[in-house]
Amino acid sequence: YDDPHGLPEKTEYLLQEWVAMYHLPNAGRDSSKAFGHFVTQMSLHGVLKTDDLITRFFRLCTQFCVDISYRALASEPTADLIRSKAFHTLDAYVRLIALLIKHSGDANNGVTKVNLLNKVLGIVAGVLLQDQEVRGAEFQQLAYHRILIMLFLELNAPEQVLDSINFQVLTAFCHTLHILRPAKAPGFAYAWLEIVSHRVFIGRLLSITPQQKGWGMYAQLLIDLFKFLAPFLRNAELSKPVSMLYKGTLRVLLVLLHDFPEFLCDYHYGFCDVIPPNCIQMRNLILSAFPRNMRLPDPFTPNLKVDMLPEISHAPRVLTHFAAMIQPPTLKKDLDSYLKTRGPVTFLSELRSVVQVHVSSMNLHVSPEPGMHYNLPLLNALVLYVGTQAIQSIQTKGLSPSMATIGHSSYMDIFQSLAVNLDTEGRYLFINAIANQLRYPNSHTHYFSCVLLCLFAEANSEAIQEQITRVLLERLIVNRPHPWGLLITFIELIKNPVFKFWNHEFVHCAPEIEKLFESVARSCM
Amino acid sequence: MVADQFGMAGLLTFIRVAESDSNLVSLALGSDLTTLGLNLNSPEPLYNNFGGPWAENPCRPQDIDFHVPPEYLTNAVIRDKLAPVKLNRYQEDLLFYLFYTNVGDTMQLAASLELYNRDWRYHKEERLWITRVPGMPLMEKTGTYERGTYYCFDPNNWRKVAKEMFVEYERLEDRP
Amino acid sequence: ALSKEQQIQHQSLEAAFYHMPHPSDSERLRHYLPRSPYMTPPYYPQS
């Protein structure tokens, strides 16, 4: 960093001075008296003179604090002593940062304050990433965790000057946490999730910030977490570290399901895009969310008339731009023209005739690695896009989805082609994409429930029916919760004689399977 | 039938593996989420006292920061003057308070030990603290049980209630 | 199979696993009754 001669020593001295002043009984409320004196010292020593010097000052301070923490970790015998020693300096440093931010620029000019905050957060993130790089397995999160969470708490105190810049403060922290996402800083992952799920953090982003303006940022952080976990969750056996992180993630999702179900409803699509297909319980948990003002009829009610429910024609909010994920643009164009004109048939035959390869040219095929044969986001986007177009066209005709109204349409053509022509893995993922829309009573649930039943009823091979059943059943045998739409679809499938469900070989392929079906049937017939 | 892992045979393999090693399929069959230490039936939001992703219990009331007028924050001034926590100095009332408000914390255990030292016993099934009423002779006593009149501590009404009980020793918690 | 990068990530995660954050890391220093979670017997009140 080729710091100017003497600056490190001067910075260390100043930091120690501040720590001492901070801990004096007469430091004043929120250390305001101590700060007054200290700012004078800082000016005297010229560390506030230029932007570059300020940057160097914070970087050096951060490094000193980190060093002190590592030394405490190495020398103190108990966790309590480590923390009291490390926090002695860390908390004082955080207070200094908070005071400098609150007093930077003139009182009602938030820009300079937020700029300074971004600078400091950037420095802390930079030091952390470098530290992780250098120390490798010896890296410890303590100092960074403490600095970030305490600074967050300090800057979310109910003070006039902070209220006016709160959204920018939240944005700055979310941006920093995105930079420090587990994929980038795996050694910080547990502390990261602790911060992201801290009650004040959740409260600010998901509850207090008006117009749900914090939701998108929070969703992005969860997606960061799912993306990191995904490769490790594909293994049948979870290692202890992954299992701990997974369990923690479930806890956070449970809190969100209980307190902010609408948030999970709005962002379910983006979450399902990055959750591996074999994470059935976690995905069910997200799909089970339903708006708090909605009363769900018992799915086991005999003769439940789903299509009579008032909400069944309402489209749910989907805040992910899934249509934009259909790439390349030519694919989208061809798709739109086929949906509109039900032609050219070659579009379907392309699908049908060269399903794997062709599909690859349509980017549905990504790489030959097992389990990675398909571009899942594209497949999911395709399914939801075609579905939403279909719902729109049905509703413009004043109709509502049913087995009769959804059939013989360009939309069903697409679904039929994919069901028939994809290989078993592709078909499994395709059916999962549909099943991901079986949620609380809404037009998507209704339509895709009909699509699945229609695919079952019109299947030209038992393999399709078997795989539809497989996807539904594996989502049912997992521990609770279960999405409402999943239950009503499966109940309809096994109850309605039109599907001749019980005649199929795969229903009786093994005593365990038979027993499962019977127990589900018993509970709903 | 579909021969690979994407059909019913694949699911069957799942189920059979689950019977032998549930850890292997913990993602697919999942676990009982009510055991994660969250009160999912709470009418109140959970996030207010969420103990964090690694905690088995929510925060205690005293863990939650509320912003109060700074003048209230007396700990900075008096903390050096307060005597260290010594449970054997406290009245039973405070011990019960510590026991019931420090769930899942070492303090709960410490309070329990102190109550035990004061001849209270925790009935594991009744989930109550009981102690013999002083001066009241037992009606019956053997090597495995006794019968008599006891004080039970009722946390809901926060008072001691006299009750005739048949107490089997094995149902009482040993020394914590 | 995990990629090389994912294996390295897992190693870092594993190292972090042995010094998990402590609940008090996310809270103001409390001189009295800091939170120290403990697995108390299941028959104790849990909430």
Side-chain angles (χ1 to χ4, degrees), chain A residues 25 29-30 153 157-158 190 193-194 197-200 202-203 206-207 233 236-238 243-252 254-260 276 278-282 284-285 424-425 427-428 462-463 466-467 469-470 473-474 477-481 505-506 509-510 512-513 516, chain B residues 1-19 21 23-56 58-59 63-71 73 76-77 79-80:
Chain A
R29 200 179 91 180
D30 293 339
L153 295 179
Y190 298 114
L193 185 54
E194 178 98 17
S197 61
H198 191 278
R199 53 191 177 276
V200 177
I202 287 181
L206 295 182
S207 175
L233 295 178
E237 193 158 355
L238 301 185
S243 180
M244 170 70 85
L245 191 58
Y246 175 68
K247 194 173 172 184
T249 303
L250 284 181
R251 278 204 180 92
V252 175
L254 277 171
V255 171
L256 296 179
L257 178 67
H258 183 276
D259 295 355
F260 306 98
N278 66 321
C279 277
I280 297 170
Q281 183 175 41
M282 183 156 82
N284 265 1
L285 195 157
T424 52
E425 179 181 3
R427 188 185 297 129
Y428 175 78
E462 194 165 66
E466 179 183 339
Q467 288 196 267
T469 306
R470 153 56 193 263
L473 187 60
E474 71 178 1
I477 60 176
V478 73
N479 270 279
R480 285 176 299 164
E505 180 198 353
F506 55 78
C509 64
E512 295 96 325
I513 298 288
L516 274 174
Chain B
M1 283 184 53
V2 171
D4 59 23
Q5 73 267 40
F6 298 107
M8 292 304 277
L11 185 59
L12 184 59
T13 311
F14 241 5
I15 292 166
R16 287 183 175 161
V17 165
E19 277 157 15
D21 180 355
N23 186 38
L24 271 183
V25 289
S26 62
L27 286 177
L29 291 184
S31 57
D32 180 357
L33 297 180
T34 61
T35 62
L36 288 178
L38 294 166
N39 180 8
L40 299 175
N41 296 315
S42 158
E44 299 296 321
L46 296 178
Y47 77 92
N48 283 325
N49 61 3
F50 181 45
W54 328 117
E56 299 286 338
C59 287
D63 299 325
I64 308 292
D65 274 343
F66 278 93
H67 293 287
V68 294
E71 298 72 31
L73 299 177
V77 175
R79 68 173 164 219
D80 300 329

Exercise for review: With sequence neighbours excluded, tell me which residues meet side-chain hydrogen bond (donor to acceptor under 3.5 Å, both in side chains) with B:D32.
Suggested key: B:T34
Point to revise | Spatial distance of atom CG (B:L40) from atom CZ (A:R480) [nearest 0.5 Å] | key: 9.5 Å
Which pairs would a plain distance check flag for residues 9-17 of chain B, meaning a side-chain donor or acceptor within less than 3.5 Å of a matching protein atom at least two apart in sequence or in another chain?
| from | atom 1 | to | atom 2 | distance (Å) |
| --- | --- | --- | --- | --- |
| B:T13 | OG1 | B:A9 | O | 2.8 |
| B:R16 | NE | A:E512 | OE2 | 2.6 |
| B:R16 | NH2 | A:E512 | OE1 | 3.1 |
| B:R16 | NH2 | A:E512 | OE2 | 3.3 |

Check your understanding: Taking it one step at a time, do B:Y47 and A:V200 satisfy side chain to side chain contact (heavy atoms under 4.5 Å, CB included)?
Key -> CA-CA 8 Å; B:Y47 77 92; A:V200 177; over 6 Å; no
Check your understanding: Measuring heavy-atom distances to chain A, does B:E71 have an atom under 4.5 Å in its side chain, in its backbone, in both, or in neither?
Key -> side chain
Review point. Where is the tightest heavy-atom contact between B:G30 and A:V478, given as atom of each residue plus distance?
Key: N-CG2, 3.7 Å
Exercise for review: Mark yes or no for whether A:R251, through its side chain, and B:L36, through its backbone, hold a donor-acceptor pair below 3.5 Å.
Suggested key: yes
Exercise for review: Would you confirm whether A:E425, through its side chain, and B:F6, through its main-chain N or O, come within 3.5 Å as a donor-acceptor pair?
Suggested key: no
Review point. Of the listed residues (A:T249, A:L193, A:L206), which shares the most heavy-atom pairs with chain B below a 4.5 Å separation?
Key: A:L193
Review point. Is chain B contacted by the side chain of A:Y190, its backbone, both, or neither, given a heavy-atom distance below 4.5 Å?
Key: both
**Study point:** Segment of A:L516 engaging chain B (4.5 angstrom heavy-atom cut-off)
**Key:** side chain
Check your understanding: Among B:C59, B:G7, B:G37, who wins on heavy-atom pairs under 4.5 Å with chain A?
Key -> B:G7
Exercise for review: Check each of A:L285, A:N479, A:L257 against B:L33 using the side-chain contact (heavy atoms from CB on, under 4.5 Å) test, and report the only one that passes.
Suggested key: A:L285
Practice item. Among A:Q467, A:E466, A:E505, single out the residue with the greatest number of heavy-atom pairs under 4.5 Å to chain B. Key: A:E466
Check your understanding: Going from CG on B:L38 to CG on A:L254, what distance comes out if it is rounded to the nearest 0.5 angstrom?
Key -> 5.5 Å
Review point. Can A:F506 and B:V2 be said to form a side chain to side chain contact (heavy atoms under 4.5 Å, CB included), step by step?
Key: CA-CA 9 Å; A:F506 55 78; B:V2 171; over 6 Å; no
Point to revise | Part of A:E462 within contact of chain B (heavy atom distance under 4.5 Å) | key: neither
Review point. Is there side-chain contact between B:P53 and A:E194, with at least one heavy-atom pair below 4.5 Å?
Key: yes
Check your understanding: If you count heavy-atom pairs under 4.5 Å with chain B, which of A:A510, A:P481, A:P158 comes out on top?
Key -> A:P158
Practice item. For A:K247 and B:E56, work out which heavy atoms get closest and say how close. Key: NZ-OE2, 3.8 Å
Point to revise | Side-chain donor/acceptor of A:R199 to backbone N/O of B:N49, under 3.5 Å | key: no
Exercise for review: Below 4.5 Å from any heavy atom of chain A, which atoms of B:N48 appear? Answer side chain, backbone, both or neither.
Suggested key: backbone
Revision key, fill the gap. For B:N39 and A:H258, the nearest pair of non-hydrogen atoms, with its separation, is O-NE2, 4.4 Å
Check your understanding: For the atom pair CZ (A:R470) and CE (B:M1), what is the distance rounded to the nearest 0.5 Å?
Key -> 10.5 Å
